[in-house]
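The structure presented is a predicted model; accordingly, all values stated were derived computationally and were not measured. Both ligands and their constituent atoms are indexed starting at 1 by order of listing. Index from 1, following the sequence.
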Amino acid sequence: MSSTAGSAPTLIPRHIAIIMDGNNRYGKAHGLRRGEGHLAGKDALDPIVEYCVETKIEILTVFAFSSENWQRPPSEVALLMQLLSLTITEQMPRMKKYGIRLRFIGDRQQLSSELQEQMADAEAKTANYNAMTLVIAISYGGQWDIAYAAQQLAERVQSGQLQAEAVDETSLGQYVQLADAPAVDMLIRTGGEYRLSNFLLWQSAYAELFFTPTLWPNFTSTELAQMIDEFGKRQRRFGKTSEQIIVGDSL
Ligand code: IPE
Ligand code: IPE
Ligand code: MG
């Protein structure tokens with residue numbers, strides 16, 4: 001489906017990132033038991049992924065579980081881990097069908113060895129698919145990401161492979177997660193909160209931000225299409241003046 005049919009051609013983002021928030025409020029609003037909102041959230045991803053493939057988005061990164069989410073009640077954490085495993089199992093045939101490469105970012109050492117194996121297996125099996133890349137952020141925090149990159153650079157300095165003065169945006173940027181991918185163009189947060197909650201801090205430095213009150217399980221490709229339309233109308237200046245921006249050169 002395409003809600004943009006008939007309108008003037010617009011700029012398409014290369015990289016969309018989504019903070020999928022609002023599952024528990026959805027669950028409460030529908031009288032579900034605690035945790036069941038997450039089940040609805042799991043299924044909301046499929047049409048969004050399909051729409052992104054159709055729209056030729058190169059990379060879609062979704063926030064499934066944050067570094068801070070470990071602080072939730074153990075029963076909820078356990079359920080979320082189960083659902084993540086189920087998500088990967090369910091996504092595999094879809095990845096094959098659509099030619100989507102599946103990747104994960106986050107601190108894997110915090111995860112069970114079973115889940116780590118499942119993730120590595122999914123990444124290996126889909127490594128050659130190239131219609132789109134779907135990145136699932138699990139046990140991910142932007143501060144962890146930057147600190148981990150700094151640690152790797154520090155090791156290179158310590159071993160004499162790098163001068164301390166060579167540490168800059170470019171060298172650090174080579175070690176953050178998704179260093180090989182384009183920067184985030186559009187960062188969407190569902191669920192009505194106006195914060196980043198430690199998601200992709202480095203990679204979203206110049207992202208266009210979109211906030212919607214829609215709870216994640218209710219988020220549809222129609223709303224995403226509207227946001228992509230709006231994205232195409234925004235002028236991305238990257239610090240320059242309006243006059244310096246040439247139409248078609250703002251991505
Ligand atoms: C987002 O939904 C999913 C995760 C954080 C894992 P929430 O569980 O945060 O739902 P709300 O924001 O409380 O409604
Ligand atoms: C952000 O949502 C993390 C995910 C969607 C996975 P949270 O619900 O954890 O964010 P806060 O705690 O309200 O900032
Ligand atoms: Mg939340």
Student: Quick one: which ligand 1 atoms are inside 4.0 Å of a heavy atom on His38?
Tutor: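 Matching atoms, with element in brackets: 3 (C), 8 (O).
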
Student: Tabulate below the donor-acceptor pairs under 3.5 Å that side-chain atoms of residues 127-142 make, not counting sequence neighbours, or state none.
Tutor:
| unit_1 | atom_1 | unit_2 | atom_2 | d |
| --- | --- | --- | --- | --- |
| Ser139 | OG | Trp70 | NE1 | 2.9 |
| Tyr140 | OH | Asp145 | OD2 | 2.6 |

Student: Using a distance threshold of 2.8 Å, state whether an N, O or S atom of Asp21 lies below it from the Mg ion (ligand 3).
Tutor: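 So Asp21 does bind the Mg ion (ligand 3) by this criterion.
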
Student: In the hydrophobic cluster built from side-chain contacts under 4.5 Å, what are the other members alongside Leu79?
Tutor: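 Leu79 clusters with Leu39, Leu83, Leu86.
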
Student: I'd like to know if Glu208 pairs up with Arg234 as an ion pair, taking the criterion as any Lys NZ or Arg NE/NH1/NH2 lying under 4.0 Å from an Asp or Glu carboxylate oxygen.
Tutor: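 Yes.
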
Student: Honestly, is Arg195 close enough over Phe211, meaning NZ or CZ under 6.0 Å from the six-membered ring centre and within 45° of the axis?
Tutor: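 The answer is no, since Arg195 fails at least one limit relative to Phe211.
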
Student: Against ligand 1, does Lys28 come closer than 4.0 Å with any heavy atom?
Tutor: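 Outside the 4.0 Å threshold, so no.
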
Student: Taking atom types as modelled and ignoring hydrogens, do the side chains of Gln235 and Arg237 form a donor-acceptor contact shorter than 3.5 angstrom?
Tutor: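 Looking only at side-chain atoms, Arg237 and Gln235 do form a donor-acceptor pair, the distance falling under 3.5 Å.
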
Student: Looking at residues at least two apart in the chain, or sitting in another chain, which of them share a side chain to side chain contact (heavy atoms under 4.5 Å, CB included) with Asn218?
Tutor: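 With neighbours one apart ignored, the set is Tyr26, Thr214, Leu215.
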
Student: Please check if any side-chain donor atom of Glu50 sits under 3.5 Å from a side-chain acceptor atom of Ser221, or the reverse.
Tutor: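 Short answer, no.
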
Student: Present, as a list of atom pairs with distances to 0.1 Å, all nitrogen or oxygen contacts under 3.5 Å between ligand 2 and the protein.
Tutor:
| unit_1 | atom_1 | unit_2 | atom_2 | d |
| --- | --- | --- | --- | --- |
| ligand 2 | 8 (O) | Asp21 | OD1 | 3.1 |
| ligand 2 | 8 (O) | Arg72 | NH2 | 3.2 |
| ligand 2 | 9 (O) | Asn69 | ND2 | 2.9 |
| ligand 2 | 9 (O) | Arg72 | NH2 | 3.4 |
| ligand 2 | 10 (O) | Arg189 | NH2 | 3.3 |
| ligand 2 | 10 (O) | Ser197 | OG | 3.3 |
| ligand 2 | 13 (O) | Arg195 | NH2 | 2.8 |
| ligand 2 | 14 (O) | Arg195 | NE | 2.8 |
| ligand 2 | 14 (O) | Ser197 | OG | 2.6 |

